[in-house]
Each structure stands twice: as C-alpha cells, then as structure tokens.
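Note: hydrogens, waters and symmetry copies are ignored here, and every other heavy atom, side chains too, is used. Because the structure is predicted, anything quoted here is derived from the model rather than measured. Each chain gets a letter, A, B and so on, in the order its sequence line appears, and its residues count up from 1.
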Amino acid sequence: DIQMTQSPSSVSASVGDRVTITCRASHRISNWLAWYQLRPGKAPNLLIYGSSTLQSGVPSRFSGSGSGTDFTLTINNLQPEDFATYFCQQGSSFPLTFGGGTKVEIK
Amino acid sequence: QVQLVQSGFEVTKPGASVRVSCKTSGYTFTEYYIHWVRQAPGQGLEWVGRVNPLSGAANYAQQFQGRVSMTRDTSISTVYMELHSLTSDDTALFFCARHDLRLRMFDSWGQGTLVTVSS
C-alpha cells in the first residue's frame with residue numbers, strides 16, 4: 001500500500017495568512033494526487049486534483065504543486081471559511097490512501 | 001447538479017450489522033463507481049471499498065474483507081454499504097463518494113453517516 005504522510009498535523013494561522021501543507025507518498029505516484037477540505041457537518045469538498053488542477057468553483061487562493069512523491073497545497077490570503085481540515089489522497093493505485101490530515105485553526 | 005444523499009445516524013450494538021445507503025442524482029448512475037470512506041473519531045480518512053454501479057462488482061480494502069458488502073439498486077440510483085460484526089472500533093463517520101476514474105479523484109461526496117456502536 002502507498003503511505004501518505006501529511007504535515008503539519010495542525011497549523012494556527014490568521015485571516016490573510018498563507019498556509020502551506022505538504023504530503024509525501026511512500027512510492028512515486030506521478031501527479032495522481034488530490035486535496036480535499038473537510039468541515040464539520042459538511043460533505044468533503046474537492047479542491048485540487050492531478051496535483052495542481054483547481055476544481056471548478058474553488059477559489060484561486062488555493063493552489064497545488066508537486067509530482068512523484070512530494071506535493072504541496074498552498075492557501076493564500078486565508079479566509080474565515082478556510083479554517084477546516086485538509087487531506088491529500090493518492091489515486092495511483094489501490095487501495096486508495098489518504099494523508100493523516102492537517103487542521104487549520106484560528107490563531 | 002450531482003448529489004449524494006446518505007441515510008441518517010445509526011446506533012447499533014457490538015456484533016450487529018449496519019446498512020448505510022447513498023442515493024445519487026444528477027448524473028447517469030452507471031457511469032461512475034461509488035466508494036465508501038470511513039473517518040473514525042479524531043482520525044484520518046480510510047478507504048473501505050467501491051462498487052461498480054453498472055455490474056454490481058465490488059472491491060474492498062483488505063482490513064474489511066469478509067465483513068463488508070456493497071451493493072446497488074439501479075432502479076433508484078442507490079448504493080448500499082453493509083458492515084457486519086461491528087465493534088466499538090467501527091464507530092465512525094462513513095462517507096460515500098463518486099469517483100472519477102479518468103482523473104482518479106472523488107468529485108462529489110455524501111454528507112456522511114455517523115455510525116455509533118455501543119452496548
């Protein structure tokens with residue numbers, strides 16, 4: 001199985017800040033990497049797929065990069081609605097696996 | 001628009017089974033696999049398995065093999081996940097999600113169903 005290691009597990013930030021989350025795969029996964037946002041009581045929301053393609057309707061302050069084993073999600077100009085938990089997910093092989101999550105909290 | 005609507009909160013006892021449904025709409029049901037993902041309290045996301053709505057064939061994560069089954073009813077565009085021999089470790093939020101096979105991501109999710117296993 002491909003292990004996805006996500007860091008940090010939590011980060012405190014203020015509105016307007018930039019936040020960077022990293023995800024490392026235990027094997028090369030090309031660019032088969034997606035990022036999701038989870039807020040309590042809501043369905044998970046796809047942000048980025050193919051490592052860097054922004055899902056339709058997602059604000060442009062979200063961006064993704066990386067290939068192979070190392071990936072990054074960046075949130076620029078953090079907004080109040082961005083305080084949530086973020087997960088990466090590899091789509092290279094089954095079983096599909098997720099990172100452990102990063103909780104973005106208000107400083 | 002694409003919607004996945006899951007059944008409600010379940011409370012059940014150790015050793016019992018639970019069935020969660022995921023009703024889909026807004027697209028051709030047979031064109032996308034539906035997957036199930038579990039989130040235990042304070043934990044990350046864990047892939048449980050998937051079902052092919054066209055054929056009914058299912059694949060499961062190894063740790064759930066033998067006690068999970070995923071089925072579908074094409075007449076009502078609904079997928080079901082049944083988990084047997086429940087323990088307190090199965091207390092979790094279960095999500096169904098539509099998988100885009102070409103882009104290898106989950107583009108729509110259900111709202112989640114909380115399953116609580118307690119004696």
Side-chain angles (χ1 to χ4, degrees), chain A residues 1-10 21 23 25 28-58 62 64 67 71 73 84-103 105, chain B residues 1-9 20 22-26 32-52 57-65 68 70 92-114:
Chain A
D1 298 3
I2 297 176
Q3 307 302 317
M4 304 300 292
T5 303
Q6 196 174 328
S7 62
S9 57
S10 66
I21 300 168
C23 190
R28 295 183 65 83
I29 59 170
S30 184
N31 67 339
W32 299 116
L33 193 285
W35 292 96
Y36 303 89
Q37 177 192 64
L38 271 74
R39 287 185 280 187
K42 289 185 173 277
N45 185 37
L46 172 67
L47 302 173
I48 302 278
Y49 62 91
S51 173
S52 61
T53 302
L54 195 67
Q55 171 71 344
S56 175
V58 174
F62 291 91
S67 183
F71 302 87
L73 172 70
T85 302
Y86 295 84
F87 288 90
C88 60
Q89 173 247 323
Q90 66 83 14
S92 177
S93 65
F94 283 85
L96 302 179
T97 47
F98 295 84
T102 297
K103 187 172 184 179
E105 300 174 301
Chain B
Q1 75 280 24
V2 175
Q3 284 194 304
L4 282 68
V5 179
Q6 298 181 224
S7 50
F9 174 61
V20 181
C22 174
K23 181 168 178 59
T24 73
S25 61
Y32 292 83
Y33 281 70
I34 294 293
H35 294 231
W36 290 90
V37 174
R38 181 172 83 168
Q39 185 181 28
Q43 302 297 309
L45 300 175
E46 180 180 32
W47 183 73
V48 180
R50 67 173 182 173
V51 61
N52 179 341
N59 307 102
Y60 308 122
Q62 187 172 10
Q63 61 268 38
F64 296 98
Q65 290 274 2
V68 69
M70 295 178 186
L93 194 55
F94 287 83
F95 295 101
C96 61
R98 190 181 85 159
H99 189 245
D100 186 312
L101 202 55
R102 183 176 66 89
L103 298 176
R104 307 197 192 186
M105 50 66 165
F106 299 110
D107 61 1
S108 293
W109 294 70
Q111 82 277 18
T113 297
L114 180 61

Original post:
Does the pair B:C96 and B:H35 meet the rule for a side-chain contact (heavy atoms from CB on, under 4.5 Å), with working shown?
Top reply: CA-CA 6 Å; B:C96 61; B:H35 294 231; over 6 Å; no
Subject >> A:Y49 ring center within less than 6.0 Å of A:W35 ring center >> reply: no
**OP:** Return the option, out of A:L96, A:T85, A:T53, A:D1, with the maximum number of heavy-atom pairs under 4.5 Å with chain B.
**Re:** A:L96
Subject >> Residues in side-chain contact (heavy atoms from CB on, under 4.5 Å) contact with A:R39, at least two apart in sequence or another chain >> reply: A:Q37, A:K42, A:E81, A:A84
Original post:
Which is it for B:F95 and B:T113 under the side-chain contact (heavy atoms from CB on, under 4.5 Å) test, yes or no, and what are the steps along the way?
Top reply: CA-CA 6 Å; B:F95 295 101; B:T113 297; over 6 Å; no
Subject >> Which atom of A:G64 lies closest to which atom of A:S52, heavy atoms considered >> reply: O-CB, 3.1 Å
Original post:
Counting distance only, does the side-chain N/O of A:Q6 pair as donor-acceptor with the main-chain N or O of A:C88 below 3.5 Å?
Top reply: yes
Subject >> Residues in residues 102-110 of chain B that sit under 4.5 Å from chain A, counting heavy atoms only >> reply: B:R102, B:L103, B:R104, B:M105, B:F106, B:D107, B:W109, B:G110
**OP:** Could you go through the side-chain contact (heavy atoms from CB on, under 4.5 Å) check for B:V48 and B:Y60 one step at a time?
**Re:** CA-CA 6 Å; B:V48 180; B:Y60 308 122; 5.9 Å; no
Subject >> B:Q39 portion near chain A, given a 4.5 angstrom heavy-atom threshold >> reply: side chain
Subject >> Which of B:Q62, B:R50, B:Q111 touches chain A most, by non-hydrogen pairs under 4.5 Å >> reply: B:R50
**OP:** Begin from the C-alpha positions of A:I29 and A:I2 and carry the test side-chain contact (heavy atoms from CB on, under 4.5 Å) through to its verdict.
**Re:** CA-CA 9 Å; A:I29 59 170; A:I2 297 176; 3.7 Å; yes
Original post:
Can you say whether A:A43 sits under 4.5 Å from chain B via the side chain, the backbone, both, or neither, judging by heavy atoms?
Top reply: both
**OP:** Keeping the roles fixed (side chain from A:Y36, backbone from A:Q89), state whether a donor-acceptor pair exists under 3.5 Å.
**Re:** no
Subject >> A:L33 portion near chain B, given a 4.5 angstrom heavy-atom threshold >> reply: neither
**OP:** Return the option, out of A:G91, A:S56, A:G50, A:P44, with the maximum number of heavy-atom pairs under 4.5 Å with chain B.
**Re:** A:P44
